[in-house]
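In this chain, numbering begins with 1 at the start of the sequence shown. Whatever order the structure lists them in is the order used to number ligands and atoms, beginning at 1.
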Amino acid sequence: MTKGSEKNILVLNGPNLNMLGTREPEIYGSETLSDIEKNMITLAEELGYAIDFRQSNSESELVGWIQDARGSSSAILLNAGAFTHTSVAILDALQAVDMPIIEVHLSNIFRREKFRHHSYVSPAANGVICGFGSNSYILALEAAHKILS
Ligand code: CA2
């Protein structure tokens with residue numbers, strides 16, 4: 001781990017999460033991804049962390065960012081979006097990094113369609129937080145902080 005990396009938390013967002021706040025507010029809330037990022041930075045500063053907040057629609061880019069977290073971050077908070085339910089590649093990448101991983105979802109995936117009940121990400125995660133809207137991200141940051149301190 002490089003100097004200072006113990007204070008970095010990587011927050012990764014998967015496909016279509018850049019659309020937050022524009023459609024389906026009844027499922028995902030009315031906040032944008034940028035609102036969520038700002039709220040996380042506020043709490044992270046209080047807790048003494050830097051947040052590296054990213055979104056991609058590309059599975060390959062997400063896998064690359066997970067691989068790069070080795071040596072530069074101390075924990076990963078991941079909302080893999082629809083890749084949660086499809087991606088063995090993201091699971092494999094997560095299993096190769098040795099740091100706390102918190103799986104995050106805005107919606108309660110277990111109250112939704114059956115295909116959303118299975119997560120490929122969960123076996124690599126310390127825990128899963130879902131169903132609390134944008135507050136899921138805040139709860140995930142608090143959970144990572146508890147694990148790290
Ligand atoms: O609840 C979550 O956070 C999800 O990870 C969101 C994914 C969904 O595929 C997962 O099952 C649960 C979808 C994100 C798409 O977000 C949009 C937001 C506004 C408009 C369109 C898509």
Can you list every pair where an N/O of ligand 1 is under 3.5 Å from an N/O on the protein?
{"from": "ligand 1", "atom 1": "1 (O)", "to": "L106", "atom 2": "N", "distance (Å)": "3.3"}
{"from": "ligand 1", "atom 1": "1 (O)", "to": "S107", "atom 2": "N", "distance (Å)": "2.8"}
{"from": "ligand 1", "atom 1": "1 (O)", "to": "S107", "atom 2": "OG", "distance (Å)": "2.5"}
{"from": "ligand 1", "atom 1": "3 (O)", "to": "N79", "atom 2": "ND2", "distance (Å)": "2.9"}
{"from": "ligand 1", "atom 1": "3 (O)", "to": "L106", "atom 2": "N", "distance (Å)": "2.7"}
{"from": "ligand 1", "atom 1": "5 (O)", "to": "N79", "atom 2": "OD1", "distance (Å)": "2.8"}
{"from": "ligand 1", "atom 1": "5 (O)", "to": "H105", "atom 2": "ND1", "distance (Å)": "2.9"}
{"from": "ligand 1", "atom 1": "9 (O)", "to": "A82", "atom 2": "N", "distance (Å)": "3.4"}
{"from": "ligand 1", "atom 1": "9 (O)", "to": "R116", "atom 2": "NH1", "distance (Å)": "2.9"}
{"from": "ligand 1", "atom 1": "11 (O)", "to": "H85", "atom 2": "NE2", "distance (Å)": "2.7"}
{"from": "ligand 1", "atom 1": "11 (O)", "to": "R116", "atom 2": "NH1", "distance (Å)": "2.9"}

What side-chain donor-acceptor pairs closer than 3.5 Å can you find for residues 131-143, not counting sequence neighbours?
{"from": "S134", "atom 1": "OG", "to": "E31", "atom 2": "OE2", "distance (Å)": "2.4"}
{"from": "S136", "atom 1": "OG", "to": "H105", "atom 2": "O", "distance (Å)": "2.9"}
{"from": "S136", "atom 1": "OG", "to": "F132", "atom 2": "N", "distance (Å)": "3.1"}
{"from": "S136", "atom 1": "OG", "to": "G133", "atom 2": "O", "distance (Å)": "3.3"}
{"from": "Y137", "atom 1": "OH", "to": "N13", "atom 2": "OD1", "distance (Å)": "2.6"}
{"from": "Y137", "atom 1": "OH", "to": "N79", "atom 2": "ND2", "distance (Å)": "3.2"}

Can you give me the closest heavy-atom contact between E59 and A89, atom names plus distance? OE2-CB, 3.9 Å
Under a single-linkage definition using a 4.5 Å side-chain heavy-atom cutoff for Ile, Leu, Val, Met, Phe, Trp and Tyr, are I109 and L20 assigned to the same hydrophobic cluster? no
Over all heavy atoms of both residues, which pair between P100 and I147 is shortest? Give the atoms and the distance, please. CG-CG2, 3.6 Å
Over all heavy atoms of both residues, which pair between A93 and V63 is shortest? Give the atoms and the distance, please. CB-CG1, 4.1 Å
Within the 4.5 Å heavy-atom criterion, are R112 and I27 side-chain neighbours or not? yes
